[in-house]
Peer 1: 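Let me begin by handing over the structure; questions about it come next.
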Amino acid sequence: MKVTSKILFATLASVMLISLLYFVVLAVIPGYRGKYIIDDSKLMALKVPDCPYLKIEGIGTKVSGAFRIASSSDSLQQGKLFLPEEMKKYITTRQEGDTLVVRFTGLEALTAEMRTDSLYNFNLHYYPVQLRGMKNVGFMKVHFNTFRSTYPLWVEGASYVGFLGECVLPALDVRSTYTLELRDSQVDTLSLDLDSMERCTIEDCHIQVENLTASRDYHYYQYSGKNPAVRNWTPKNKKARFFVELLDTPAQIIYKE
């Protein structure tokens, strides 16, 4: 009984000591917080080169926000990138051939300076005149909203891509993307490489032709709303398998020999 009491007392003492050290650290390091919320009430505009292709670089896992892309008929927005003023020194833009490169630098130093674990509310807004393709090298989420184009668009390498309402495209080709959401949009021809895609959700979209390809033995996505007129499945090898869950609307599946 005495041994049990000693163990219990030692455990309680350890918990109290750890709690005390935690509050001492907070007192010694003022301003420490689990996350730093960026003030996006003050946005500044950067005039960037008019390029058909976009590349995003330098975003790590400690940043929570989105690169938001939309169409605009406002001449004050067209061809510009809007970002929080306090983030200006951490962003550079340059043109490489026909590609606009947006690079984020020094964000790890910023998290250390602000004594924070992560940056929140880090949102940028881009209104391209023309955009035919984008590549995301990092973990920045990409949101398309009210994006309308007469050009086919390809998207590659994003941890998350969302077409979240009123997007209109003649063709969309999504490659090497971990998560894809497509909602309330119109795409004449949708092409998906499912190999790197762990989650795919398509809801209430108008799609004429859907082209799917993959190589693994299990691929799945959820589809609701009107089904495409044609769904083409092109396996990369003999073990490739594809599973689709069709929700709330009738569908006709025709198999070809």
Side-chain angles (χ1 to χ4, degrees), residues 50-56 66-73 77-79 98-100 126-136 141-158 160-215 219-236 240 242-256:
D50 178 19
C51 298
Y53 302 104
L54 169 68
K55 185 178 181 181
I56 305 171
F67 199 102
R68 302 178 183 274
I69 300 174
S71 299
S72 177
S73 58
Q77 292 182 328
Q78 285 183 342
D98 56 3
T99 301
L100 167 65
Y126 180 43
Y127 301 92
V129 176
Q130 57 170 334
L131 184 62
R132 305 186 190 189
M134 69 150 294
K135 185 173 184 178
N136 185 12
K141 293 180 179 179
V142 179
H143 289 182
F144 289 84
N145 204 315
T146 63
F147 179 75
R148 298 168 180 264
S149 178
T150 58
Y151 300 109
L153 174 69
W154 58 261
V155 177
E156 180 180 341
Y160 169 91
V161 175
F163 292 81
L164 304 176
E166 300 183 31
C167 294
V168 179
L169 290 163
L172 173 62
D173 185 353
V174 181
R175 320 162 190 168
S176 304
T177 295
Y178 191 80
T179 301
L180 171 68
E181 287 190 62
L182 189 61
R183 304 179 190 274
D184 300 311
S185 296
Q186 178 180 327
V187 180
D188 292 341
T189 302
L190 175 65
S191 300
L192 303 178
D193 188 332
L194 301 174
D195 272 345
S196 63
M197 202 173 292
E198 295 298 323
R199 180 187 171 202
C200 179
T201 303
I202 299 177
E203 292 184 359
D204 301 322
C205 293
H206 296 279
I207 299 170
Q208 295 299 316
V209 178
E210 189 176 78
N211 300 315
L212 306 173
T213 187
S215 63
H219 298 279
Y220 166 86
Y221 82 88
Q222 192 176 77
Y223 196 105
S224 68
K226 185 179 179 181
N227 284 282
V230 177
R231 176 175 283 130
N232 298 311
W233 164 240
T234 306
K236 296 180 182 180
F242 167 64
F243 302 87
V244 59
E245 182 178 352
L246 305 176
L247 303 178
D248 66 42
T249 55
Q252 182 183 36
I253 300 175
I254 300 175
Y255 294 94
K256 294 182 179 180

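Because the structure is a prediction, the values reported are computed rather than measured. Along the sequence shown, residues carry numbers from 1.
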Peer 1: Got a second to check how far His206's NE2 is from Asp188's CG, nearest 0.5 Å?
Peer 2: 11.5 Å
Peer 1: CZ/Arg68 to NE2/His143 distance, rounded to the nearest 0.5 angstrom?
Peer 2: 5.5 Å
Peer 1: Heavy atoms only: give me the nearest Thr146-Cys167 pair and the separation to one decimal.
Peer 2: N-SG, 3.9 Å
Peer 1: By the definition side-chain contact (heavy atoms from CB on, under 4.5 Å), identify the one residue from Leu164, Leu172, Leu153 that meets it with Phe144.
Peer 2: Leu153
Peer 1: Decide yes or no on side chain to side chain contact (heavy atoms under 4.5 Å, CB included) for Thr177 and Val142, but give the supporting numbers first.
Peer 2: CA-CA 11 Å; Thr177 295; Val142 179; over 6 Å; no
Peer 1: With rounding to the nearest 0.5 angstrom, report the OG to CD distance, Ser71 to Gln77.
Peer 2: 10.5 Å
Peer 1: Locate the shortest heavy-atom distance separating Ser149 from Pro170; write the atom from each residue and the value.
Peer 2: O-CD, 3.2 Å
Peer 1: So among Thr201, Asp204, Ile202, which one has a side-chain contact (heavy atoms from CB on, under 4.5 Å) with Arg183?
Peer 2: Thr201
Peer 1: At their closest point, which heavy atom of Ala70 faces which heavy atom of Pro128, and how far apart are they?
Peer 2: O-CD, 3.5 Å
Peer 1: Mind listing the closest non-hydrogen atom pair of Pro228 and Tyr223 along with its distance?
Peer 2: CD-OH, 3.1 Å
Peer 1: Run the numbers on Asp193 and Glu156 for side chain to side chain contact (heavy atoms under 4.5 Å, CB included), then give the verdict.
Peer 2: CA-CA 10 Å; Asp193 188 332; Glu156 180 180 341; over 6 Å; no
Peer 1: First locate atom CG of Leu190, then atom CZ of Arg231, and finally report the distance between them rounded to the nearest 0.5 Å.
Peer 2: 9.5 Å
Peer 1: Checking side-chain contact (heavy atoms from CB on, under 4.5 Å) against Leu182, which of Val174, Ile207, Leu192 comes through?
Peer 2: Ile207
Peer 1: With a 4.5 Å limit on heavy-atom distance, are the side chains of Trp154 and Ser191 in contact?
Peer 2: no
Peer 1: Sort out for me which residue in Leu100, Val155, Leu54 forms a side-chain contact (heavy atoms from CB on, under 4.5 Å) with Leu131.
Peer 2: Leu54
Peer 1: Would a 4.5 Å heavy-atom cut-off, applied to side chains only, mark Glu181 and Arg199 as touching?
Peer 2: yes
Peer 1: Is there a side chain to side chain contact (heavy atoms under 4.5 Å, CB included) between Tyr126 and Met134? Walk through the geometry before answering.
Peer 2: CA-CA 12 Å; Tyr126 180 43; Met134 69 150 294; over 6 Å; no
Peer 1: Taking all non-hydrogen atoms of both residues into account, name the closest pair between Cys205 and Asp184 and its distance.
Peer 2: SG-N, 3.6 Å
Peer 1: Do Thr234 and Asn211 have side-chain heavy atoms sitting under 4.5 Å apart?
Peer 2: no
Peer 1: So which heavy atom on Ser72 is nearest to which on Tyr127, and how close?
Peer 2: CB-CD2, 3.6 Å
Peer 1: When you measure from the side chain of Thr99 to the backbone of Tyr53, do you find a donor-acceptor pair of N or O atoms at a distance under 3.5 Å?
Peer 2: no
Peer 1: Keeping the roles fixed (side chain from Asp195, backbone from Ser215), state whether a donor-acceptor pair exists under 3.5 Å.
Peer 2: yes
Peer 1: Heavy-atom count check: over 12 atoms from other residues, nucleotides or ligands less than 6.0 Å from Tyr178 OH?
Peer 2: no
